[in-house]
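Hydrogens, waters and symmetry mates are skipped; everything else that's a heavy atom, side chains included, is used.
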Amino acid sequence: MAAPAAEAGHRPLRLIGEQIVPNALPYEGTVVGGLSSIDYDPRTGEYALICDDRSAINPARFYTAKFSLDAKGLGPVTFTGTKPLLRPDGTPYPPLAKNDPAQPPNMQTIDPEELRVDPWTGRYVWSQEGERSAAARIDPSIREAERDGSYARDLPIPANEKMTETAGPRQNLALEGLTFAGFGSLVASSVEGPLLQDGPEPNTTSGALSRITVQSRFGPVLAQYAYPQEKVFASPNPPGAFATTGISSLLAVDQADPTRYLVMERSFVTGVGNKIRIYEIDTKGATNVLKTPSLADATKVKPVKKRLLADLADFELSTVDNLEGMTWGPRLPNGERSLVLVSDNNFSATQVTQFIALAVPSERL
């Protein structure tokens, strides 16, 4: 393994192992792929994973899986269950082509992104990005489901994250990251990119400011913080082709600390590939921007503090694919913490469903 540079007095993260799930793996009448998040479930010792299939291939759904993980290796992934995410009336969410805008918002099509196991109840809380296109304009949301996928409730989202003609999230850059904090009393979420009112997306010369929201598990939004996104790491080839960067996952560092999180920044540049970096951030001392209309000209806004924890390019992996999910796995006997990542293969034959386990030395966090 090519070890990443460590800060003075700190050991670098190390690669425990990786596993690749076969593409288009059939499982219980579904096609496995599009895995956009992963969360460890202490009740079962297994992992819960959401699929970002918008009911185009199979109904929007989540999976459970298990694998061995210790200080020396990551074992093969075995899927143990799958359930559709259901609307309040008990039916699966429709694909975009069959969306009915006359229905209530929680009955319309969804774009699932991150799922967490509620540490208090064992239910699933999950985020979805909504839609901003000629076909529909649907607000993103945070929803709660029972263990069988049935609908439990919606949590409120801040007004500035709702889709209007000139404000709110961009298409496919909406609510993505989601985590519990404060011993489960708080829910933190992140939009993938800057809101329309907060300025342009990152490019090769400058980064951007996006928002992280903290709310009570019972609903009320408590605070919002500016997160400084990195600039796009390379120019696309050919020039003008697609290039993007944004937050794909958010994870509390420690349930006892409501201010520190890991942020996964996922970037893709046509002709170059993916860059995945994991940062530790701290909201302590940052400006509460919940009532700040725009971050584009907010000169007095103090963003969260961040430091690089890992760049996946520094590890000897078979590939660095479209990693979108992360969770803490079991603590290792030597005191290290295991961090498990998963990639979304976009149901593409040229991409992979990749599980990665890293060991994080206790002094790193």
Side-chain angles (χ1 to χ4, degrees), residues 1-21 35 37-49 63-80 114-119 122 177 179-184 248-264 276-282 307-321 323-343 353-365:
M1 179 186 76
E7 298 168 13
H10 290 94
R11 290 179 293 156
L13 276 62
R14 66 179 180 86
L15 176 66
I16 296 175
E18 70 168 328
Q19 292 286 339
I20 304 296
V21 173
L35 302 181
S37 75
I38 183 168
D39 202 38
Y40 179 69
D41 188 344
R43 286 169 172 76
T44 62
E46 298 181 345
Y47 294 81
L49 306 107
Y63 293 92
T64 54
K66 63 181 180 180
F67 45 81
S68 61
L69 172 57
D70 57 32
K72 296 181 179 179
L74 173 66
V77 177
T78 300
F79 289 90
T80 58
E114 186 130 77
L115 177 148
R116 297 293 179 191
V117 180
D118 187 328
T179 189
F180 281 93
F183 293 111
S248 62
S249 186
L250 184 69
L251 178 65
V253 168
D254 187 328
Q255 283 293 311
D257 188 340
T259 69
R260 296 167 61 224
Y261 301 88
L262 298 189
V263 170
M264 179 185 286
I276 310 295
R277 288 166 287 192
I278 299 172
Y279 294 89
E280 181 197 359
I281 70 164
D282 196 334
R307 70 179 178 98
L308 181 65
L309 189 66
D311 184 331
L312 271 290
D314 292 331
F315 300 93
E316 289 184 359
L317 294 160
S318 61
T319 185
V320 176
D321 209 276
L323 291 160
E324 288 200 3
M326 61 180 171
T327 185
W328 294 115
R331 189 173 287 275
L332 305 176
N334 62 1
E336 294 175 314
R337 301 180 74 182
S338 63
L339 184 65
V340 184
L341 317 176
V342 71
S343 72
T353 297
Q354 180 182 30
F355 287 73
I356 297 170
L358 303 175
V360 184
S362 57
E363 74 269 16
R364 294 293 292 172
L365 295 171

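- The two residues Pro361 and Leu13 come nearest to each other via the heavy atoms CD-CA, 4.1 Å.
- When all heavy atoms of Val117 and Tyr40 are compared, the pair lying nearest together is CG2-O, 4.3 Å.
- Atom CG of Asn334 is separated from atom CG of Asp70 by 10.5 Å, given to the nearest 0.5 angstrom.
- Within the 3.5 Å criterion, the main-chain N or O of Leu323 finds no donor-acceptor partner in the side chain of Gln354.
- Side-chain contact check for Leu262 versus Val253: some heavy-atom pair is nearer than 4.5 Å.
- A search for ring pair (Phe, Tyr, Trp, His ring centres under 6.0 Å) contacts involving Tyr63 returns Phe79, not counting sequence neighbours.
- Partners of Pro76 under the side chain to side chain contact (heavy atoms under 4.5 Å, CB included) rule, at least two apart in sequence or in another chain, are Gln19.
- Here CG of Leu115 is found 10.0 Å from CG of Asp41. Values are rounded to the nearest 0.5 Å.
- Taking all atoms of both residues into account, the shortest heavy-atom contact from Ala357 to Leu74 is N-CD2, 4.0 Å.
- A donor-acceptor contact closer than 3.5 angstrom links the side chains of Ser318 and Glu18.
- Qualifying ring pair (Phe, Tyr, Trp, His ring centres under 6.0 Å) partners for Tyr279, counting only residues two or more places apart in sequence or in other chains: none.
- When atom types are taken as modelled, the side chain of Ser338 and the backbone of Pro330 share a donor-acceptor pair closer than 3.5 angstrom.
- Residues that satisfy the side chain to side chain donor-acceptor pair (under 3.5 Å) test with Asp118, not counting sequence neighbours, are Thr121, Arg217.
- A distance of 6.0 Å separates CG of Leu358 from CG of Leu15, quoted to the nearest 0.5 Å.
- Listed for the Glu46 side chain is no donor-acceptor partner under 3.5 Å among the backbone atoms of Thr80.
- A heavy-atom distance below 4.5 Å is not found between the side chains of Asp254 and Leu365.
- Put simply, the side chain of Val340 does not reach to within 4.5 Å of the side chain of Ile356, judged on heavy atoms.
- Here the closest heavy-atom approach between residue Pro258 and residue Ala181 is recorded as CA-CB, 4.4 Å.
- When the salt bridge (charged side-chain N to carboxylate O under 4.0 Å, His left out) test is applied to Asp39, the partners found at least two apart in sequence or on another chain are Arg116.
- Within the 4.5 Å cutoff, side-chain heavy atoms of Leu49 are placed close to those of Val342.
- Atom-to-atom distance recorded for Glu324:CD and Leu35:CG is 9.5 Å, nearest 0.5 angstrom.
- Interatomic distance, Leu332 CG to Arg337 CZ, rounded to the nearest 0.5 Å: 10.5 Å.
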Leu69/Phe355 under side chain to side chain contact (heavy atoms under 4.5 Å, CB included): CA gap, chis, key distance, verdict: CA-CA 11 Å; Leu69 172 57; Phe355 287 73; over 6 Å; no
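- Under the salt bridge (charged side-chain N to carboxylate O under 4.0 Å, His left out) criterion, Glu280 pairs with Arg260, Arg307, not counting sequence neighbours.
- A donor-acceptor pair under 3.5 Å is formed between the side chain of Thr179 and the backbone N or O of Ala252.
- Across Ser362 and Gly335, no two heavy atoms sit closer than the pair CB-O, 3.8 Å.
- Using a 4.5 Å cut-off on side-chain heavy atoms (C-beta onward), Ile278 and Leu339 make contact.
- Shown are Arg14, Arg364, Arg331; of these, the side chain to side chain donor-acceptor pair (under 3.5 Å) with Glu336 is made only by Arg14.
- Closest approach of Val77 to Ala65, counting heavy atoms only: CG1-CB, 4.1 Å.
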